Amino acid sequence: MTENKSDEVLQEQKRINHVISEIGEKINKIKKNSQLISGDVGQLRKTFWEDVTVNFDEADDVLETFTSIKQQAELLGERERSYGQIHKQLNTLNKLKYSPYFGRIDFKENGEETEAIYIGIASFMDKEEQNFYIYDWRAPISSIYYDYSKGPAKYEIPEGAVEGELVLKRQFIIRNGKVISLFDTGVTIGDELLLEVLGNQASTMMKSIVATIQKEQNKIIRNDSKKILVVQGVAGSGKTSAALQRVAYLLYRHRKTLTADNIMLFSPNPLFNSYVSTVLPELGEENMQQSTFLEYLVNRVGKGLEVEDPFSQLEILLDAEQQEKASFRLKSIEYKSSLAFKEKIEEEIHRFSTNGIIFKTIAFGGKVFFSKEELARKFYEFDATSSIPNRMELLKEWIQKEMKKHAKQERKQVWVDEEMDLLDKEDYLKAYKLTQKKSNKKIGEFAQYEEEEKILRRFIVNRRFKGIYKFIKNLEFINYIAMYKGIFMEERPKELPIDAWETICVKTMEHLKHKKIWNEDATPFAYFKDRLEGKKSNTGIKQVFIDEAQDYSPFQMAYIKELYPYSRMTLLGDVNQAIYAHANNELKEEDHKEIERIVLTKSYRSTQEIVEFTKEIAANGDIIEPFNRHGEKPVIVEVEDLNLLPGVALNRICTLKKKKYQTIALICKTKKESEQVYQYLKKHIEVRLIEKGTISYEKGISVIPAYLAKGIEFDAVILYNSSIYNTELERELFYTACTRAMHELILLTKKNQLNMFIKGINPQTYMLQIEEVKIEK
């Protein structure tokens with residue numbers, strides 16, 4: 001900051017002091033209202049039943065009681081909602097109190113006076129609610145800050161474009177209400193502010209980037225024109241951060257029609273969900289629904305089958321000891337992830353319209369109620385022009401109707417007499433309460449013995465039939481597994497050679513026989529069920545975000561689009577990080593009228609030295625641009641013997657700890673390797689093993705398989721045994737692991753065994769060291 005800025009700093013500090021004072025007054029005012037409403041809520045909860053008229057003697061009294069309870073509940077609900085809004089407002093104001101805003105633009109609208117616009121994470125107005133002290137970063141006028149340098153500028157409002165001139169663009173770094181520095185900048189957010197933010201240590205939670213949004217990221221955030229937005233961004237380009245700010249923007253822009261419950265994020269793993277969980281709350285918004293696609297599939301496939309997760313699938317492909325098995329699985333994955341397999345399933349479904357559907361026999365205690373043959377015969381008696389799901393629904397209704405007859409007959413059986421003799425007092429009470437719900441008898445009036453026996457018999461049979469009723473309701477009488485197996489008894493698809501198809505058929509059916517399903521079968525199986533039962537499309541979701549979209553197969557992507565047919569979609573990914581064998585080309589596909597594509601090529605996460613090194617690993621690394629933040633070159637450490645690697649890793653971790661890094665990751669290729677090195681390290685230092693079920697990311701030292709590190713960043717990364725990444729399938733995994741580092745990257749390898757990717761890298765981009773192990777304490 002130059003000396004001639006000192007007057008501006010004084011003026012800006014004066015304004016900040018005034019705004020903070022106004023915020024303080026607003027906080028105090030809201031707190032008083034909050035205490036009043038909080039007292040109201042507490043009093044209403046305490047006296048709820050005292051203020052309600054309760055009388056069940058006559059029909060009119062029951063209605064009066066219901067109305068009284070409803071009114072009291074609505075009053076309590078309104079007070080609780082008001083209290084929740086006040087709490088949310090206080091949280092936002094407390095954030096503004098320490099750093100009210102981060103940017104300023106002076107904009108002269110055509111024909112108007114120049115106006116100074118201050119931009120922060122939320123809007124704040126004066127006491128009269130007439131003028132803005134702070135504009136929300138999502139407001140239409142705020143877009144000028146991100147998109148323009150001094151000169152002609154415009155912003156969009158529903159009525160059209162507002163044009164004028166950007167006279168000044170200024171950025172602030174404000175800490176605890178004090179101006180640390182300010183910069184007058186051009187079109188991009190100034191390097192000074194970016195360096196300030198990016199030079200900090202990695203957090204265990206993803207940060208909000210509203211103060212440093214770049215022009216290309218702003219296009220992602222505010223894009224609202226096409227049904228599908230595809231973002232191809234290199235590692236560290238801020239695509240995921242921009243996507244989360246996009247969620248906040250959409251909630252602001254469509255606040256009357258869109259809530260967090262209308263948005264779904266499919267994330268790569270549970271750990272990532274935790275990592276991004278604070279971004280939206282920081283901006284005053286609730287988190288949207290989050291799930292991994294695996295979680296969705298497990299729920300859809302059902303409890304009858306154990307679903308292999310994608311990480312276990314990847315472990316097989318990466319394990320050198322399982323290469324023979326990996327070769328077969330690659331063929332299985334490639335075919336079952338394709339649209340050709342989806343078409344084969346469609347052909348099978350079409351055949352089922354006239355014959356071939358297999359059912360399960362519905363029986364009880366050895367007595368057959370409905371044989372599988374009878375169910376098939378009844379199904380095909382329904383109108384053949386009706387869809388399969390419609391006929392399934394008709395069949396279910398027919399079974400449920402017939403089951404009432406069976407239940408009536410079953411009440412006369414001897415086993416019911418035996419159970420009736422064994423009923424205890426609690427069972428009698430349950431039966432009585434159930435009867436009261438279904439009858440108009442007054443409380444206290446119990447039927448004669450015959451009626452009581454009838455009630456108890458019905459209760460006993462219904463209790464024993466509960467599982468059957470659920471079985472029928474959930475359409476579990478459809479034999480999905482047997483029919484799915486049938487796909488592998490059909491003729492060979494032209495895409496596969498005979499031997500590969502035969503192996504896939506035998507192995508798939510063998511796996512299903514043991515109630516297990518491979519990951520590559522999970523999506524087809526869920527889709528197969530949907531086509532028989534009817535699509536479970538979700539009309540409540542209006543916006544779908546898919547992170548790491550390059551890891552979704554063509555079949556999976558097509559399935560998701562059918563699940564959310566009316567939703568807008570944001571697909572985020574990097575083709576250089578496609579670590580799974582079924583990698584999707586959606587990010588590369590040709591544009592059409594429903595798609596808008598944005599490409600991010602600048603990497604902000606890592607230092608320039610790390611980016612210059614890692615870009616040479618990527619297949620199309622020449623497009624990657626490093627941000628101008630310097631650090632040490634990546635270090636390749638050679639050891640004489642691989643048995644020394646754990647000790648070398650420990651040495652390097654201890655050195656990094658002395659540099660006060662908050663997050664250090666030792667990244668391994670597989671789960672097995674991670675567990676082995678973790679067992680060694682935990683004897684010497686405090687360390688954490690991150691596994692596929694880990695749901696939170698903490699500061700300190702982590703040992704983690706490469707495929708679980710996606711989307712996360714660390715201050716320093718040590719890549720364990722980098723010499724074992726040597727196939728094209730592993731290029732993206734190796735690249736992903738290396739690009740997790742913000743400040744330092746160290747690669748351990750056996751002497752004279754640089755992997756195929758490092759051999760192709762310019763030696764000027766890294767330092768080569770040989771280490772003799774002396775374990776530090």
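Values below: every heavy atom of this structure, side chains too, minus hydrogens, waters and symmetry copies. What you see is a predicted model, and the numbers here were worked out from it, not measured in a lab.
- Of the charged side-chain nitrogens involved, at least one lies within less than 4.0 Å of a carboxylate oxygen, so that Glu548 and Lys710 count as a salt-bridged pair.
- Applying the side-chain hydrogen bond (donor to acceptor under 3.5 Å, both in side chains) test to Arg255 and every residue at least two apart in sequence or in another chain returns nothing.
- No side-chain N or O of Thr739 forms a donor-acceptor pair with one of Arg605 less than 3.5 Å apart.
- Side-chain contact check for Leu229 versus Arg568: every heavy-atom pair is 4.5 Å or farther apart.
- Of all heavy-atom pairs spanning Ala248 and Glu285, the tightest one is O-OE2, 4.2 Å.
- Interatomic distance, Thr607 OG1 to His743 NE2, rounded to the nearest 0.5 Å: 9.0 Å.
- Contacts of Asn479 classified as side-chain hydrogen bond (donor to acceptor under 3.5 Å, both in side chains), with partners at least two apart in sequence or in another chain: none.
- Side chains of Gln217 and Tyr146 form no contact here, defined as non-hydrogen atoms less than 4.5 Å apart.
- For the pair Lys516 and Leu305, the minimum side-chain heavy-atom distance is 4.5 Å or more.
- Taking a 6.0 Å sphere around NE2 of His350, one finds it holds 12 or fewer heavy atoms contributed by other residues, nucleotides or ligands.
- Between Pro270 and Thr292 there is a side-chain heavy-atom pair separated by less than 4.5 Å.
- A donor-acceptor contact under 3.5 angstrom links the side chains of Asp547 and Thr240, judged on distance only.
- Using a 4.5 Å heavy-atom cutoff, the side chains of Thr570 and Val544 are not in contact.
- Note that NZ of Lys515 and NZ of Lys303 are 15.5 Å apart. Values are rounded to the nearest 0.5 Å.
- Although no hydrogens or angles enter the test, the distance criterion places no donor-acceptor pair under 3.5 Å between the side chain of Arg222 and the main chain of Tyr249.
- Taken to the nearest 0.5 Å, the CD atom of Glu308 stands 8.5 Å off from the CH2 atom of Trp518.
- Side chains of Asn223 and Glu596: a donor on one and an acceptor on the other come within 3.5 Å.
- Taking 4.5 Å as the limit, every side-chain heavy atom of Asn218 sits out of range of all side-chain heavy atoms of Tyr145.
- A distance-only check finds a donor-acceptor pair linking the side chain of Ser143 to the backbone of Pro140 [under 3.5 Å].
- The pair Lys672-Glu315 does not count as a salt bridge, with every side-chain nitrogen at least 4.0 angstrom from each carboxylate oxygen.
- For NZ of Lys529, the number of neighbouring non-hydrogen atoms (other residues, nucleotides, ligands) closer than 6.0 Å is greater than 12.
- A donor-acceptor pair shorter than 3.5 Å cannot be found between the side chains of Asp309 and Asn519.
- Note: Lys602 NZ to Gln214 CD = 7.0 Å, rounded to the nearest 0.5 Å.
- Nearest approach of Leu532 to Ile388, heavy atoms of both residues: O-CG2, 3.6 Å.
- A donor-acceptor pair under 3.5 Å is absent between the side-chain atoms of Thr601 and the main chain of Ile624, judged by distance alone.
- For the side-chain contact (heavy atoms from CB on, under 4.5 Å) test, residues two or more places apart in sequence or in another chain that qualify with Ser338 are Tyr335, Ala340, Phe341.
- Using a distance-only test at 3.5 Å, with no hydrogens or angles considered, a donor-acceptor pair links the side chain of Asn262 to the main chain of Thr259.
- Contact check on Asp530 versus Arg300 returns a salt bridge, with a Lys/Arg side-chain nitrogen under 4.0 Å from an Asp/Glu carboxylate oxygen.
- Annotation: ring-ring contact (aromatic ring centres under 6.0 Å, His included) contacts involving residues 278-299, sequence neighbours excluded, comprise Phe266-Phe293, Phe293-Tyr552.
- With salt bridges taken as basic N to acidic carboxylate O contacts below 4.0 Å, none links Lys331 and Glu334.
- Expressed to the nearest 0.5 Å, how far CG of Leu475 lies from OH of Tyr480 amounts to 5.0 Å.
- A salt bridge links Glu730 and Lys669; the closest N-O separation between the charged side-chain nitrogens and carboxylate oxygens is under 4.0 Å.
- When all heavy atoms of Pro554 and Leu339 are compared, the closest pair comes out as O-CD2, 3.6 Å.
- We find that Glu520 and Arg329 are joined by a salt bridge, their nearest charged nitrogen and carboxylate oxygen being less than 4.0 Å apart.
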Pair Gln550-Asp574, side-chain hydrogen bond (donor to acceptor under 3.5 Å, both in side chains): steps then yes or no: CA-CA 6 Å; Gln550 77 281 349; Asp574 178 7; over 6 Å; no
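- Residues Thr663 and Ser702 fail the side-chain proximity criterion, which asks for heavy atoms closer than 4.5 Å.
- Thr736 contributes a side-chain N or O that, together with a main-chain N or O of Glu732, makes up a donor-acceptor pair within less than 3.5 Å.
- Inter-residue side-chain proximity for Ile595 and Arg597 is flagged as met; some heavy-atom pair is nearer than 4.5 Å.
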Worked check of side-chain contact (heavy atoms from CB on, under 4.5 Å) between Tyr564 and Met264: CA-CA 10 Å; Tyr564 304 98; Met264 168 63 82; 4.2 Å; yes
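- At distances below 3.5 Å, at least one donor-acceptor pair connects side-chain atoms of Gln289 with backbone N or O atoms of Asp261.
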side-chain contact (heavy atoms from CB on, under 4.5 Å) between Val687 and Leu666, intermediate numbers included: CA-CA 10 Å; Val687 63; Leu666 182 67; over 6 Å; no
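- Defined by atom type and a distance below 3.5 Å, a donor-acceptor pair is present between the side-chain atoms of Ser291 and Glu295.
- A salt bridge links Asp521 to Lys336: one of the charged nitrogens lies within less than 4.0 Å of a carboxylate oxygen.
- When atom types are taken as modelled, the side chain of Ser567 and the backbone of Ile541 share a donor-acceptor pair closer than 3.5 angstrom.
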Candidate pair Glu347 and Lys344, rule salt bridge (Lys or Arg N to Asp or Glu O under 4.0 Å), full reasoning: CA-CA 5 Å; Glu347 290 170 7; Lys344 188 169 182 65; 5.1 Å; no
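- A donor-acceptor distance shorter than 3.5 angstrom exists from the side chain of Ser142 to the backbone of Asp136, with no hydrogens or angles considered.
- A donor-acceptor pair under 3.5 Å is absent between the side-chain atoms of Glu346 and the main chain of Glu343, judged by distance alone.
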side-chain contact (heavy atoms from CB on, under 4.5 Å) between Leu280 and Met288, worked out: CA-CA 9 Å; Leu280 289 171; Met288 62 276 175; 3.3 Å; yes
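- Aromatic pair Phe757/Tyr735: ring centres not closer than 6.0 Å.
- Applying the side-chain hydrogen bond (donor to acceptor under 3.5 Å, both in side chains) test to Glu616 and every residue at least two apart in sequence or in another chain returns nothing.
- Remark: side-chain polar atoms of Thr508 are not paired, donor with acceptor, to backbone N or O of Cys505 under 3.5 angstrom.
- Separating the CZ atom in Arg246 from the CG atom in Leu572 is a distance of 9.0 Å, to the nearest 0.5 Å.
- Partners of Glu286 by side-chain hydrogen bond (donor to acceptor under 3.5 Å, both in side chains), not counting sequence neighbours: none found.
- The residues Glu510 and Lys507 are annotated as not salt-bridged, no charged nitrogen and carboxylate oxygen being separated by less than 4.0 angstrom.
- The number of heavy-atom neighbours closer than 6.0 Å to NZ of Lys219, taken from other residues, nucleotides and ligands shown, is 12 or below.
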